[in-house]
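Letters A, B, ... mirror the listed sequences (proteins, then strands); counts begin at 1.
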Amino acid sequence: MTSPARGADRPVGPAIVADGLVRTYGDVRAVDGISFSVERGEFFALLGPNGAGKSTTLHMLTTLLPPSAGHARVMGFDVVREQAEVRRTLGMVFQDPALDDRLTARENLEIHAVLYGMPRAGRRDEIARSLAWASLAEVGDRRVRTFSGGMKRRLEVARALMHGPRVLFLDEPTLGLDPQGRRNLWEHIARLRQEGMTVLMTTHNLPEAEACDRVGIIDHGALVAIGAPKELVATHAPEGGDLEDVFIALTGHQLRDEAATARDLMMQFAKQGGEHTR
Amino acid sequence: MRAGPPVIGRFGLAPAVIGVMYKREMLRYGRDRSQIFGAISRTILWLLILGFGLGAALREIEGYTYAQYILPGVITLNVLFASLQSAVAIVWDREVGLLREVMVSPAPILSVTLGKLLGGATIAVVQGSIPLLVAPFIGVTLTPLNVLMAWVVIFFMGLTLTALGVILASRLKTFEGFGAISNGVIQPLYFLSGSIFPLRGVIGGVGFLQIPEHLRDELRRLGIYTIGGGWFVELPIWIQALVYANPVSYQLDLLRYVLLGFQQLPLVADVLVTFALPFVATFVAAAAMRRMMRQR
């Protein structure tokens with residue numbers, strides 16, 4: 001994106017610092033003392049099985065969840081004490097689309113512009129630029145309901161970039177996309193790398209993780225390994241292995257079946273016609 | 001060029017944020033035809049069919065026909081549906097909609113909530129106006145002033161009920177249909193508000209006996225209200241208690257006063273509940289939204 005970065009930052013230190021982050025739900029420790037840092041301009045992936053604590057970590061870093069213990073900073077701002085600054089400096093793409101699908105792409109972007117206090121003058125151009133970035137200029141006035149999964153995702157990434165964030169958080173960005181949609185989105189994300197954006201993503205997808213500068217592997221709420229993909233392979237799967245071997249070596253063969261969450265139930269309901277069945 | 005600060009604390013007021021959230025509600029309403037059909041069908045079923053059907057047996061209540069008596073009740077029913085539908089949509093919105101995007105933004109939660117509530121209240125006014133269109137056909141003459149005052153009451157009623165819906169929805173873990181809300185919330189609030197039967201119960205509502213006017217007056221002084229050829233007695237105490245505990249009773253009573261000039265509860269209580277409660281409810285709803293997002 002060509003617009004200048006507007007999010008605030010403090011000029012020293014890493015882009016993201018997590019220091020002993022803990023999140024408990026009753027007796028369950030969803031995140032159990034995670035520490036790592038992400039340098040400015042780095043592409044960093046959090047890799048882990050289902051329920052390992054990836055999304056919970058992301059939600060603490062993006063101020064959505066207060067940590068039960070520990071600290072975190074994004075662009076030098078404390079996620080608890082300087083919540084407003086942190087929110088302004090980051091862009092977030094959630095695991096499931098967070099769009100209003102009764103509204104058009106343009107209307108969704110307009111809401112974002114207002115929520116982030118972007119100046120009224122130039123908003124139209126800003127929206128047009130975002131639509132162009134997402135290759136959605138032709139369909140800006142179509143309701144999001146009619147979009148494919150890939151189109152929704154590109155719209156969400158474009159939206160997350162609109163207010164000029166310094167750090168981008170992507171929660172499973174390519175989940176549920178077909179190979180074409182996946183590749184297309186990945187090309188869009190790769191462009192950000194050339195522009196020096198800091199990106200923290202969670203993923204299941206090993207080739208995507210392999211393409212990142214560094215990878216942190218999470219299991220049972222704790223960080224079990226961190227480093228460049230090549231280093232990890234060299235350390236944990238030295239005999240011609242790849243990142244998948246590292247992943248299995250560190251997190252085991254056990255299947256991670258989870259009970260259906262409230263969201264799963266709603267998604268199922270959505271498939272049957274959802275909100276529009278009354 | 002930096003992003004301007006819309007944040008004046010999490011409970012700050014940002015007019016642009018209120019405006020855009022309001023606009024969103026209105027756009028969504030405009031694109032959902034089923035809501036208008038609901039309002040029309042409720043008007044026909046309750047006001048025309050029940051109104052004239054029961055009206056054939058109950059000749060009058062305090063000089064008003066049964067259809068006239070339930071007109072404010074049917075408006076209230078539409079307001080209940082409009083408000084709760086728009087409020088309960090946040091359960092959906094939170095899991096698979098725009099709400100997460102809103103919650104991760106720096107926009108103050110009070111403004112976000114206000115946009116939502118004002119939207120719900122406006123939809124309530126539109127939906128609640130549909131029975132008003134039928135008023136001339138059931139013999140209620142409305143002046144522009146009546147209508148204006150009714151809109152004010154409906155608006156504040158919608159505000160309170162949308163806030164109530166938001167508070168409720170913030171505690172719902174999952175949402176698989178509107179039926180539970182309709183049966184568990186809307187109908188009790190509706191039936192226990194003096195909407196379809198007056199606070200003093202009906203006995204002998206069949207109009208084959210004429211009670212002389214002076215006897216009616218005397219009975220009224222004793223707190224017994226005559227109807228047609230019969231008279232009213234008090235409702236069972238437990239129903240009375242529920243009606244008095246229901247805030248909708250007071251809002252509806254004020255609406256009936258504005259439209260028909262007839263009311264049954266203390267007017268001061270009506271005005272207080274109708275115009276003070278929305279302010280309290282708004283803050284509680286904003287706190288509930290904040291709490292909901294933090295507990296995920």
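- Other residues, nucleotides and ligands place no more than 12 heavy atoms under 6.0 Å from the CZ atom of B:R171.
- Using a 4.5 Å heavy-atom threshold, the side chains of B:E101 and A:M92 count as separate.
- By number of non-hydrogen pairs under 4.5 angstrom with chain B, the leading residue of A:T56, A:L99, A:V93, A:T63 is A:L99.
- Closest approach of B:P106 to A:Y116, counting heavy atoms only: CD-CE2, 3.3 Å.
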I would like to know whether A:R102 and B:D32 meet side-chain contact (heavy atoms from CB on, under 4.5 Å); could you show each step before the answer? CA-CA 9 Å; A:R102 275 193 218 170; B:D32 180 14; 3.5 Å; yes

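- Legend: residues meeting salt bridge (charged side-chain N to carboxylate O under 4.0 Å, His left out) with B:R24, ordered by chain and number and at least two apart, are A:D100, B:D93.
- Going from atom OG of B:S105 over to atom CZ of A:R87 covers 7.0 Å, rounded to the nearest 0.5 Å.
- The 12-atom threshold is exceeded at NE2 of A:H188, counting heavy atoms of other residues, nucleotides or ligands nearer than 6.0 Å.
- Contacts between A:R143 and chain B at a heavy-atom distance below 4.5 Å involve the side chain alone, from C-beta outward.
- Taking CG of A:L115 as the start and CG of B:L98 as the end, the distance is 7.5 Å to the nearest 0.5 Å.
- Within the 4.5 Å cutoff, the side chain of A:L103 has heavy atoms near those of the B:R31 side chain.
- Using a 4.5 Å cut-off on side-chain heavy atoms (C-beta onward), A:L64 and B:R100 make no contact.
- By the 4.0 Å N-to-carboxylate-O rule, A:E107 lies too far from B:K23 to be salt-bridged with it.
- Between atom CE of residue B:M21 and atom CD1 of residue A:I111 there is a gap of 6.0 Å, rounded to the nearest 0.5 Å.
- Distance OG1/A:T62 to CE/B:M103: 12.5 Å, rounded to 0.5 Å.
- Side-chain contact between B:V104 and A:F169 is absent, with no heavy-atom pair separated by less than 4.5 Å.
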